[in-house]
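Input: a single structure, listed below in structure tokens.
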Protein chains: 2
Amino acid sequence: MTLTAPVASEATSCTPLDLSAALTRPQAEQLATLLKAIADPTRLQLVSFIQASNNAEACVCNLTEPLGLSQPTISHHLKVLTEAGVIIREKRGTWAWYSVNQERWQQLAPLLAS
Amino acid sequence: MTLTAPVASEATSCTPLDLSAALTRPQAEQLATLLKAIADPTRLQLVSFIQASNNAEACVCNLTEPLGLSQPTISHHLKVLTEAGVIIREKRGTWAWYSVNQERWQQLAPLLAS
DNA sequence: TCACTATATTGATGTTTATCTATATAGTTA
DNA sequence: TAACTATATAGATAAACATCAATATAGTGA
């Protein structure tokens with residue numbers, strides 16, 4: 001004889017939550033994708049460095065040296081940020097100029113204040 | 001006319017950026033730690049579920065079923081969120097009640113709207 | 001005390017990710 | 001054309017992480 005499974009209506013057990021106002025899985029996944037893109041110290045510095053540069057744009061070679069990482073690693077991080085829509089890539093000649101998507105970045109401003 | 005070089009003043013190498021206004025490494029690491037805590041769809045839903053519950057607090061057993069994950073996994077995620085200061089843990093009897101750190105959560109509001 | 005319940009911790013496993021070196025691609029200029 | 005430069009991609013590796021089953025801890029009540 002096996003033990004009885006927990007009864008759903010048991011008085012002392014947990015009441016189901018009303019989740020009609022909560023984040024759905026797709027919503028949570030989409031938001032997590034954006035947050036993952038910036039949840040890395042190197043990528044946060046990359047965006048900050050681009051923002052702090054002269055015309056609010058920078059190329060890969062500007063960013064490699066101050067971060068002390070290899071060029072492919074910087075390119076990789078910039079790709080992640082670009083695909084998340086946090087920064088924008090514009091090719092001019094052999095250079096790739098990156099600028100900050102201000103609308104997206106402004107959404108993150110409240111978090112940066114802490 | 002010839003194609004635009006990067007900037008007339010610099011022919012070959014990149015001009016160093018002025019990073020005096022940019023995020024320092026320790027600042028970036030601290031912020032990344034907070035962002036990592038919420039950059040996960042399950043943890044975003046956990047916070048949202050707690051927020052949506054009756055007194056804006058929930059215990060582990062409330063959260064296990066709607067997420068379809070094991071109890072140890074939920075406890076693990078709640079620990080990550082607690083250590084990041086996103087939620088607050090209060091033990092009452094055998095139950096552990098979790099509530100949202102409203103100040104932190106409000107900083108996310110602009111992102112939730114997008 | 002003992003049994004039951006709620007939650008936390010441990011240890012293992014498969015997946016993701018940050019990083020490198022090596023190489024490829026593409027634009028510029030001789 | 002070839003050489004040079006800036007950037008991207010491929011492949012490998014080690015670390016971090018999400019998850020589970022099993023177990024430990026701690027509170028409650030008979």
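Because the structure is a prediction, the values reported are computed rather than measured. Hydrogens, waters and symmetry mates play no part in the numbers below; they use all other heavy atoms, side chains included. Below, chains carry the letters A, B, ... as their sequence lines are ordered, and counting in each starts from 1.
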Rounding to an integer number of Å, can you tell me how far [X] [atom1] sits from [N] [atom2]?
X        : N       : atom1 : atom2 : answer
Glu90(B) : dT7(C)  : CD    : C1'   : 15 Å
Lys79(A) : dT17(C) : NZ    : P     : 14 Å
Leu67(B) : dC20(D) : CG    : P     : 11 Å
His77(B) : dA16(D) : NE2   : P     : 18 Å
Leu81(B) : dT7(C)  : CG    : C1'   : 16 Å
Leu78(A) : dA18(C) : CG    : C1'   : 14 Å
Leu63(A) : dA6(D)  : CG    : P     : 14 Å
Ile87(A) : dT7(D)  : CD1   : P     : 13 Å

Which nucleotide wins on minimum distance to the side chain of [X], given the candidates [options]?
X        : options                  : value
Cys61(B) : dA18(C), dT7(C), dT7(D)  : dT7(C)
Ala96(B) : dT7(C), dA8(D), dA18(C)  : dT7(C)
Tyr98(A) : dA8(C), dC20(C), dA8(D)  : dA8(D)
Val60(B) : dC20(C), dT7(C), dC20(D) : dT7(C)
Trp95(B) : dT9(C), dT7(C), dT19(D)  : dT7(C)

Using a 4.0 Å heavy-atom cut-off across all strands, classify Ile74(A) as base, sugar-phosphate, or nothing. nothing

When we call it a touch if two heavy atoms are under 4.0 Å apart, what does His76(A) touch: a base, just sugar-phosphate, or nothing? base

Got a list of protein N/O to nucleotides 22-27 of chain D N/O distances below 3.5 Å?
none

What pairs of residues pass the salt bridge (charged side-chain N to carboxylate O under 4.0 Å, His left out) test when at least one of them lies in residues 68-77 of chain A, not counting sequence neighbours? none

With sequence neighbours left out, which residue pairs that include part of residues 63-82 of chain B fulfil the salt bridge (charged side-chain N to carboxylate O under 4.0 Å, His left out) condition? none

Strictly below 4.0 Å, N to O, side chains only: are Glu57(B) and Arg92(B) in salt-bridge contact? yes

Ser75(B): what forms a side-chain hydrogen bond (donor to acceptor under 3.5 Å, both in side chains) with it, not counting sequence neighbours? Gln71(B)

Which atom of Asn62(B) lies closest to which atom of Ala58(B), heavy atoms considered: OD1-CA, 3.9 Å

Quick one: salt bridge (Lys or Arg N to Asp or Glu O under 4.0 Å) partners of Glu83(B), sequence neighbours excluded? none

Gln102(B): side chain to side chain contact (heavy atoms under 4.5 Å, CB included) partners, not counting sequence neighbours: Gln51(B), Val100(B), Gln106(B)

Can you list everything that forms a side chain to side chain contact (heavy atoms under 4.5 Å, CB included) with Thr33(B)? Sequence neighbours excluded, please. none

In residues 35-53 of chain B, what residues come within less than 4.0 Å of DNA chain D, judged by heavy atoms? Asp40(B), Thr42(B), Arg43(B)

Using side-chain heavy atoms (C-beta onward) and a distance below 4.5 Å, is Val60(B) in contact with Leu78(B)? yes

Listing, residues 39-48 of chain B side-chain donor-acceptor contacts under 3.5 Å, not counting sequence neighbours, or none:
| unit_1 | atom_1 | unit_2 | atom_2 | d |
| --- | --- | --- | --- | --- |
| Asp40(B) | OD1 | Thr42(B) | N | 3.0 |
| Asp40(B) | OD1 | Arg43(B) | N | 3.1 |
| Thr42(B) | OG1 | Arg25(A) | NH1 | 3.2 |
| Thr42(B) | OG1 | Arg25(A) | NH2 | 3.4 |
| Arg43(B) | NE | Ala37(B) | O | 2.6 |
| Arg43(B) | NH1 | His77(B) | ND1 | 3.0 |
| Arg43(B) | NH2 | Lys36(B) | O | 3.2 |
| Gln45(B) | OE1 | Arg25(A) | NH1 | 3.0 |
| Gln45(B) | NE2 | Leu23(A) | O | 3.0 |
| Ser48(B) | OG | Leu23(A) | N | 2.8 |

Taking the nucleotide of DNA chain D with the nearest heavy atom to each, does Ser70(B) or Cys59(A) sit closer to the 5' end? Cys59(A)

